Every structure is written in C-alpha cells, then in structure tokens.
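Inspection log for the structure reproduced underneath, given as structure tokens.
Remember, it's a predicted structure, so these values are computed and weren't measured experimentally. Values reported hereafter were calculated over all heavy atoms of this structure, with side chains retained and with hydrogens, waters and symmetry mates removed.
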Amino acid sequence: MNWIFKTEPSECSIDDIANAGPAGVVWEGVRNYQARNFLRDDVKLDDLVLIHHSSCAEVGLVGLGKVVKLAYADPSQFDPASPYYFAKSSPENWPWVAVNVAFVEKFHKVISMAELRQHPQLAEMLLLKKGNRLSVMPLTKIELELVLFLNNA
DNA sequence: GCCAACGTTGGC
DNA sequence: GCCAACGTTGGC
C-alpha cells in the first residue's frame with residue numbers, strides 16, 4: 001500500500017530522513033490507535049510513504065520515503081525521558097509500534113494542501129478531509145502518482 | 001493564537 | 001455504557 005505520514009519538521013524533517021541513510025529513521029511516537037493499527041497491520045516493507053510536514057511555516061508534502069523495517073515495539077514508550085513515554089507499557093505488554101522510514105526523494109517544492117485541493121482527483125484524499133487528525137493514513141496509487149506528477153509539473 | 005474537530009477520561 | 005468535560009491536533 002501507499003501512505004502519508006505526518007511529521008513536525010522540527011522533530012523529524014525530510015532532510016533528517018535524507019541524512020539517516022539506508023537504515024532510515026525510527027518512526028516513533030504514534031499514539032493514536034487507528035494510526036497504530038495501520039502501522040502494525042498494514043504497513044509493509046517497501047511501501048512508499050509521502051512525507052507531510054505539519055505544524056510549521058510551510059505545511060505540505062515535502063518528499064517520498066519507503067518503509068525499511070516492519071512494525072516493532074516503539075522504544076520511546078519505555079523511555080521515561082521521552083515525551084512519548086507510556087508508563088503502562090511493559091516489556092511483556094505494550095501497545096505502541098514504530099517502523100523505519102528511509103529516504104527516496106525530496107520534492108522540488110512543498111506541495112501545499114491548497115494546491116492539492118485544486119485537483120478533483122484528490123477530493124477523497126484523507127489528508128484533505130475536514131477534521132482528519134490521523135498521522136498515518138493510506139493513499140491510493142492514483143493519488144500517489146498524481147502527487148509525484150505535481151512535483152515535476 | 002484561534003478554533004473546529006476529534007479522542008480520551010471518568011463520574012455515574 | 002452514556003456523555004459531559006477536558007485535552008490535543010493542526011490548518012489557517
């Protein structure tokens with residue numbers, strides 16, 4: 001499948017992913033059950049991931065990554081020093097998973113949500129839905145291909 | 001910083 | 001298990 005992952009660039013930007021090398025970055029800190037279920041059950045190796053910068057000056061799609069490690073226990077849930085620490089997690093029983101995401105490409109420009117909204121083919125894109133707060137969401141092949149086309153347009 | 005939308009919590 | 005109150009997300 002194909003995905004959009006949201007990230008705050010102050011925490012993990014497309015450049016950080018580019019600098020992480022083939023092992024990728026640890027995609028940690030997902031603390032929503034619906035997003036967790038996608039990560040755990042549906043995200044597969046080599047799935048392509050559009051990277052979306054949120055809560056920043058230039059919100060939008062900034063590049064492409066791919067999944068290089070399947071879901072495993074999110075290490076941050078066990079780390080009291082982490083903002084993502086989850087006190088109820090134990091080594092035997094933990095709810096939160098991480099995957100690793102490696103760099104594929106950085107877009108020539110930030111593709112804003114306003115630009116995406118101009119394309120009727122993207123009307124059903126979850127990212128554009130009102131009130132959507134999922135940080136991990138599926139994307140159709142058509143939607144992905146159109147975004148990649150827009151990057152080169 | 002505003003605020004709509006959604007998720008979570010907790011009393012009952 | 002209902003639902004009001006509260007907290008968080010995240011675009012604008």
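One interatomic measurement links the two molecules: CD of A:E58 to P of C:dC12, which rounds to 13 Å at whole-angstrom precision. The separation between A:K6 atom NZ and B:dC6 atom P is 12 Å, rounded to whole Å. Between the NE2 atom of A:H53 and the C1' atom of C:dT9 there is a distance of 17 Å, rounded to whole Å. The separation between A:F86 atom CZ and B:dT8 atom P is 10 Å, rounded to whole Å. Between A:E11 atom CD and C:dG10 atom P there is a gap of 11 Å when expressed in whole angstrom units. Remark: P of C:dT8 and CZ of A:R133 are 10 Å apart, rounded to the nearest angstrom. As a whole-Å value, the separation of A:E8 CD from C:dT9 P is 8 Å. As a whole-Å value, the separation of A:M113 CE from B:dA4 P is 17 Å.
Among the protein residues, A:H52 comes within range of the sugar-phosphate backbone only, with heavy atoms under 4.0 Å from sugar or phosphate atoms but none that close to a base.
No side-chain heavy atom of A:W3 sits less than 4.5 Å from a side-chain heavy atom of A:L39.
Rounding to the nearest 0.5 angstrom, the gap separating the NZ atom in A:K129 from the CE atom in A:M137 is 12.0 Å.
At the phosphate of B:dA4, neither OP1 nor OP2 sits under 4.0 Å from any side-chain N or O atom of A:K130. In this structure, A:R117 reaches the C:dC12 phosphate: one of its side-chain N or O atoms is under 4.0 Å from OP1 or OP2.
Checking A:Y84 against A:D79 by side-chain atom types alone, no donor-acceptor pair falls below 3.5 Å. There is a side-chain donor-acceptor pair under 3.5 Å between A:S76 and A:R31.
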